[in-house]
Amino acid sequence: MQAIDRLKRNQGRYKGKQQFLAMYSSIFEGITTDTAAMVIPMDDHMVHRGHGVFDTAAIMDGYLYELDQHLDRFIGSATMAKIKLPFDRESIRRILIQTVSASKCRRGSLRYWLSGGPGDFNLSPSGCHHPALYAIVIQDQSPPDFKGLKVTTSSIPIKPPQFAVMKSVNYLPNVLSKMEAEEKGGYAAIWLDEDGYVAEGPNMNVAFVTNENELLMPHFDKILSGCTARRVLVLAEGLVREGKLKCIRTGNVTVEEGKSAKEMMLIGSGVLVRPVLQWDDQLIGNGKEGLVSEALLNLILEDMKSGPPSVRVPVPY
């Protein structure tokens, strides 16, 4: 009991902008709202070997945004990581929705993990009893930020495509890349692939508006297929119809093309659409937040608040 009491006291000391409102664990087969109980076993293969995958869905006004799209990627990542599902897809989906319901959170995010499970501290997961599912609801009331950012070019090697295309918990390269950018006064570092083309940021995709008014994004064959980025590509079709964009395309993007673009932006579930004003020592465009970036952010926010049922799942509180 002393350990539990100390855990609870420590939770009270380190309060930030994010509040953890509910957690599901297949280890204790239920949901807790006690932050001191939001723990996972040390012998879980995800903890000591990095054998796990995860994903996230935003919560907006009591709806889960793109839950099914993220869940499909989650299951695909699990397959690539050779982790069997502990439940079928619909059961996992139901558990995730129930966890948000128990949290009473109406704005924030739902993050969930699938691990090799607990069992021992060996390299192989053969001693793990069964895969484990965890989920946590994070309340975050911070408003969307459209202030322009600076990015740098990462010197940390990008993950090989086999690992880059899955959303695993092996994020040490991502962490080091982010830290490197912050040490240089930037927000994030941009990875280049093995051929020198623009790839992605540490936890977001990157896109450009060319001087010909094209929305240009690196293709997803060697990087993580961002759910928000893919949704932006769909919503941007409206800007083409309105004449605000000439066209939309994905493909190889050189550093020269990126740095000489009219607009540059980071896209992801955490940043949504965030303009980049400077890459290394090069100003992007006129060094100010761009109109297309702003339009795409507004389209995503509108989609999160009033989009079709295919991207908005109501939570039964």
Side-chain angles (χ1 to χ4, degrees), residues 1 3-42 44 46-47 52-71 73-75 77 86-87 89-115 117-118 131-145 167 169 171 203-204 227-228 268-272 300-301 303-307 311-317:
M1 289 300 296
I4 297 298
D5 290 340
R6 288 177 181 178
L7 278 171
K8 289 182 177 181
R9 286 200 300 271
N10 282 334
Q11 287 291 335
R13 293 176 189 170
Y14 303 109
K15 286 194 174 182
K17 293 181 179 179
Q18 296 183 337
Q19 300 298 314
F20 312 134
L21 301 184
M23 177 190 178
Y24 169 84
S25 171
S26 63
I27 302 299
F28 56 74
E29 299 180 344
I31 299 168
T32 181
T33 56
D34 184 348
T35 53
M38 296 178 186
V39 295
I40 62 177
M42 276 297 298
D44 192 299
M46 179 170 69
V47 175
V53 299
F54 77 102
D55 223 302
T56 306
I59 305 164
M60 175 63 80
D61 297 338
Y63 285 78
L64 277 160
Y65 184 63
E66 288 202 299
L67 173 63
D68 290 298
Q69 291 81 355
H70 284 275
L71 187 53
R73 185 174 65 180
F74 179 68
I75 293 171
S77 294
F87 316 107
R89 185 189 186 282
E90 283 308 305
S91 296
I92 294 174
R93 187 179 189 271
R94 184 172 61 253
I95 288 168
L96 296 179
I97 294 172
Q98 288 174 344
T99 305
V100 178
S101 178
S103 75
K104 307 299 181 185
C105 179
R106 303 191 70 85
R107 184 167 182 176
S109 61
L110 168 70
R111 184 164 295 194
Y112 42 100
W113 296 261
L114 184 63
S115 80
L133 177 68
Y134 306 102
I136 194 162
V137 178
I138 306 166
Q139 180 173 273
D140 192 344
Q141 300 290 348
S142 302
D145 195 342
K167 201 169 178 71
V169 299
Y171 257 47
N203 61 341
M204 70 285 287
C227 294
T228 306
S269 57
V271 296
L272 297 181
I300 279 288
L301 289 172
D303 201 47
M304 294 176 78
K305 294 177 180 179
S306 58
V311 297
R312 296 176 75 240
V313 176
V315 177
Y317 294 100

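Predicted model only: the values in this text are computed from it and were never measured.
For A57 against L64, the heavy-atom pair with the smallest separation is CB-CD2, 4.1 Å. Across every non-hydrogen atom of P131 and P86, the tightest pair is O-CB, 3.9 Å. Of all heavy-atom pairs between M23 and V39, the closest is CE-O, 3.6 Å. Annotation for M60 and K305: closest pair CG-CG, 4.0 Å, computed over non-hydrogen atoms.
Exactly one of I31, L110, T33, L96 qualifies for a side-chain contact (heavy atoms from CB on, under 4.5 Å) with V137. That residue is L110. For the side-chain contact (heavy atoms from CB on, under 4.5 Å) with W113, the lone residue among I136, D44, V53 that qualifies is I136.
A salt bridge does not link D55 with K167: none of the charged nitrogens is closer than 4.0 Å to a carboxylate oxygen.
Around atom OH of Y63, no more than 12 heavy atoms belonging to other residues, nucleotides or ligands sit under 6.0 Å away.
Side chain of T99 to backbone of I95: a donor-acceptor contact under 3.5 angstrom is found. Under a 3.5 Å cut-off, the side chain of S77 and the backbone N or O of R73 do form a donor-acceptor pair.
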Exercise. Could you walk me through whether I27 and I40 pass the side-chain contact (heavy atoms from CB on, under 4.5 Å) check?
Worked result: CA-CA 8 Å; I27 302 299; I40 62 177; over 6 Å; no

Exercise. Under the side-chain contact (heavy atoms from CB on, under 4.5 Å) criterion, do L67 and I97 qualify, and how do the steps go?
Worked result: CA-CA 9 Å; L67 173 63; I97 294 172; 3.9 Å; yes

Exercise. Can Y112 and F54 be said to form a side-chain contact (heavy atoms from CB on, under 4.5 Å), step by step?
Worked result: CA-CA 5 Å; Y112 42 100; F54 77 102; over 6 Å; no

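In this structure, Y24 has no ring pair (Phe, Tyr, Trp, His ring centres under 6.0 Å) partners at least two apart in sequence or on a different chain. When the side-chain contact (heavy atoms from CB on, under 4.5 Å) test is applied to S269, the partners found at least two apart in sequence or on another chain are T228. Residues forming a side-chain contact (heavy atoms from CB on, under 4.5 Å) with F28 (at least two apart in sequence, or on another chain): S25, T32. The ring pair (Phe, Tyr, Trp, His ring centres under 6.0 Å) test applied to Y65 returns no partner, not counting sequence neighbours. Evaluation of the side-chain contact (heavy atoms from CB on, under 4.5 Å) rule for Q139 yields Q19, L21, C105, Q141 as partners, not counting sequence neighbours.
Pairs passing the salt bridge (charged side-chain N to carboxylate O under 4.0 Å, His left out) check and including a residue from residues 91-111, sequence neighbours excluded, read D68-R93.
A heavy-atom distance below 4.5 Å is found between the side chains of L301 and P144. Using a 4.5 Å heavy-atom threshold, the side chains of S109 and I59 count as separate.
We find the CD1-CG distance between I92 and L114 to be 6.5 Å, quoted to the nearest 0.5 Å. Once rounded to the nearest 0.5 Å, the distance linking OH of Y134 with OG of S26 reads 6.0 Å. E66 contributes atom CD, which lies 7.0 Å from atom CG of D303 (distance to the nearest 0.5 angstrom).
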